[in-house]
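Structure record follows, encoded as structure tokens.
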Amino acid sequence: MALSKAEREEFLAESRIAALSVAAGPDRGPLTVPIWYDYTPRGDAWVLTGRTSKKARLIRDAGRFTLMVEQSNPTIKYVSVDGPVVREEPSTPELLRAMAARYLPPEKVDGYLEMAHSEHEENVVFYLQPEHWLSADLGAI
């Protein structure tokens with residue numbers, strides 16, 4: 001059964017790892033990778049990635065991408081959303097901290113940020129405007 005608009009937005013707003021898919025060019029399937037993301041109902045979803053990464057290059061070329069999140073317990077449920085990139089901005093320390101805090105226990109955030117600053121390249125933020133939704137709750141396993 002498809003989820004209502006409110007249900008799918010609430011589900012997408014929960015802290016889950018998404019699969020990001022973006023067109024990878026002719027004669028290729030899409031690039032599909034796990035990614036941290038953030039979303040607030042009725043707003044845009046956003047992701048962070050390295051400024052010169054393959055993901056960033058493909059997102060710029062395609063101008064759009066898809067996020068898909070799922071759960072398998074207590075029921076099988078998923079939400080997939082795709083849409084255009086409405087803006088790209090340089091990341092900020094505040095956005096990186098917010099994303100890390102969304103996914104990590106509080107005591108792990110500072111250590112992650114130190115590692116990210118020393119080992120990762122400069123990030124950019126891509127904002128996706130939800131355009132097409134697919135969702136379902138398939139019930140209890």
Side-chain angles (χ1 to χ4, degrees), residues 1-117 119-141:
M1 171 181 284
L3 301 174
S4 70
K5 180 179 180 185
E7 290 170 329
R8 70 184 185 216
E9 287 185 334
E10 181 181 315
F11 187 78
L12 189 64
E14 294 173 1
S15 179
R16 302 181 183 282
I17 305 294
L20 179 147
S21 290
V22 61
D27 303 322
R28 295 284 315 260
L31 172 73
T32 303
V33 295
I35 196 163
W36 290 354
Y37 73 96
D38 202 352
Y39 174 73
T40 301
R42 294 168 301 286
D44 296 331
W46 59 276
V47 298
L48 294 167
T49 192
R51 186 177 54 79
T52 64
S53 69
K54 183 174 186 175
K55 279 190 302 270
R57 188 176 75 254
L58 292 173
I59 290 170
R60 285 184 197 106
D61 289 348
R64 61 187 312 113
F65 63 93
T66 300
L67 294 174
M68 193 280 298
V69 296
E70 65 180 325
Q71 77 174 27
S72 59
N73 196 5
T75 66
I76 298 171
K77 190 184 299 188
Y78 73 88
V79 168
S80 176
V81 62
D82 77 86
V85 173
V86 291
R87 67 187 186 281
E88 175 186 346
E89 299 175 351
S91 182
T92 65
E94 294 79 19
L95 286 175
L96 182 58
R97 178 172 287 281
M99 188 66 79
R102 176 173 163 84
Y103 286 94
L104 299 173
E107 66 275 9
K108 300 288 185 180
V109 171
D110 288 336
Y112 172 80
L113 294 173
E114 289 175 21
M115 180 280 301
H117 289 301
E119 297 183 23
H120 295 168
E121 71 170 314
E122 178 183 328
N123 283 320
V124 292
V125 184
F126 289 101
Y127 293 86
L128 173 143
Q129 181 180 39
E131 187 173 68
H132 303 110
W133 295 81
L134 292 173
S135 64
D137 185 344
L138 304 177
I141 303 173

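Just the heavy atoms: all of them, side chains too, but no hydrogens, waters or symmetry mates, feed the values below. What you are looking at is a predicted structure, and each value in this text was computed from that prediction instead of being measured.
- Residue pairs meeting the side-chain hydrogen bond (donor to acceptor under 3.5 Å, both in side chains) criterion with at least one partner in residues 46-58, sequence neighbours excluded, are Thr49-Ser53, Thr49-Lys55, Thr52-Glu121.
- Applying the salt bridge (Lys or Arg N to Asp or Glu O under 4.0 Å) definition to pairs two or more places apart or across chains, those involving residues 86-99 are Asp44-Arg87, Arg60-Glu88, Arg87-Glu89, Arg97-Asp110.
- Shown here are the salt bridge (Lys or Arg N to Asp or Glu O under 4.0 Å) partners of Glu14, two or more places apart in sequence or in another chain: Arg16.
- Two residues are said to be in side-chain contact when any heavy atoms from C-beta on lie closer than 4.5 Å; Tyr39 and Leu67 fail this criterion.
- Every residue two or more places apart in sequence or in another chain that forms a salt bridge (Lys or Arg N to Asp or Glu O under 4.0 Å) with Glu131 is listed here: Arg64.
- The OH atom of Tyr112 sits 7.5 Å away from atom CG of Leu104, with the distance rounded to the nearest 0.5 Å.
- To the nearest 0.5 angstrom, Ser4 atom OG is 9.0 Å from Glu9 atom CD.
- For the pair Val124 and Ser91, the minimum side-chain heavy-atom distance is 4.5 Å or more.
- Remark: Ala136 pairs with Tyr78, Leu138 by the side-chain contact (heavy atoms from CB on, under 4.5 Å) rule, at least two apart or across chains.
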From CA spacing to verdict: side-chain contact (heavy atoms from CB on, under 4.5 Å), Leu95, Val125: CA-CA 9 Å; Leu95 286 175; Val125 184; 3.7 Å; yes
Full working for side-chain contact (heavy atoms from CB on, under 4.5 Å) between Leu3 and Val79: CA-CA 8 Å; Leu3 301 174; Val79 168; 3.8 Å; yes
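- Contact of the Trp133 side chain with the Leu12 side chain is registered, since non-hydrogen atoms from C-beta on lie closer than 4.5 Å.
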Working for side-chain contact (heavy atoms from CB on, under 4.5 Å), residues Leu96 and Leu113: CA-CA 8 Å; Leu96 182 58; Leu113 294 173; 3.6 Å; yes
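- Considering only residues two or more places apart in sequence or on other chains, Met1 meets the side-chain contact (heavy atoms from CB on, under 4.5 Å) condition with none of them.
- Between the CZ atom of Arg8 and the CG atom of Leu134 there is a distance of 9.5 Å, given to the nearest 0.5 Å.
- Evaluation of the ring pair (Phe, Tyr, Trp, His ring centres under 6.0 Å) test over residues 86-108, restricted to residues two or more places apart or in two chains, returns Trp36-Tyr103.
- With sequence neighbours excluded, the residues satisfying side-chain contact (heavy atoms from CB on, under 4.5 Å) with Ala62 are Val22, Ala23.
- For Arg102, the side-chain contact (heavy atoms from CB on, under 4.5 Å) partners two or more places apart in sequence, or in a different chain, are Ser15, Tyr37, Asp38, Met99.
- Minimum interatomic distance between Asn123 and Gly50 (heavy atoms only, all atoms of both residues): OD1-N, 3.3 Å.
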Val86 vs Leu128, side-chain contact (heavy atoms from CB on, under 4.5 Å): CA-CA, chis, key distance, verdict: CA-CA 6 Å; Val86 291; Leu128 173 143; over 6 Å; no
Report all side-chain donor-acceptor pairs from residues 26-34 shorter than 3.5 Å, counting only partners two or more places apart or in another chain.
| from | atom 1 | to | atom 2 | distance (Å) |
| --- | --- | --- | --- | --- |
| Thr32 | OG1 | Ser21 | OG | 2.8 |

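- Expressed to the nearest 0.5 Å, how far CG of Leu20 lies from CG of Asp82 amounts to 11.0 Å.
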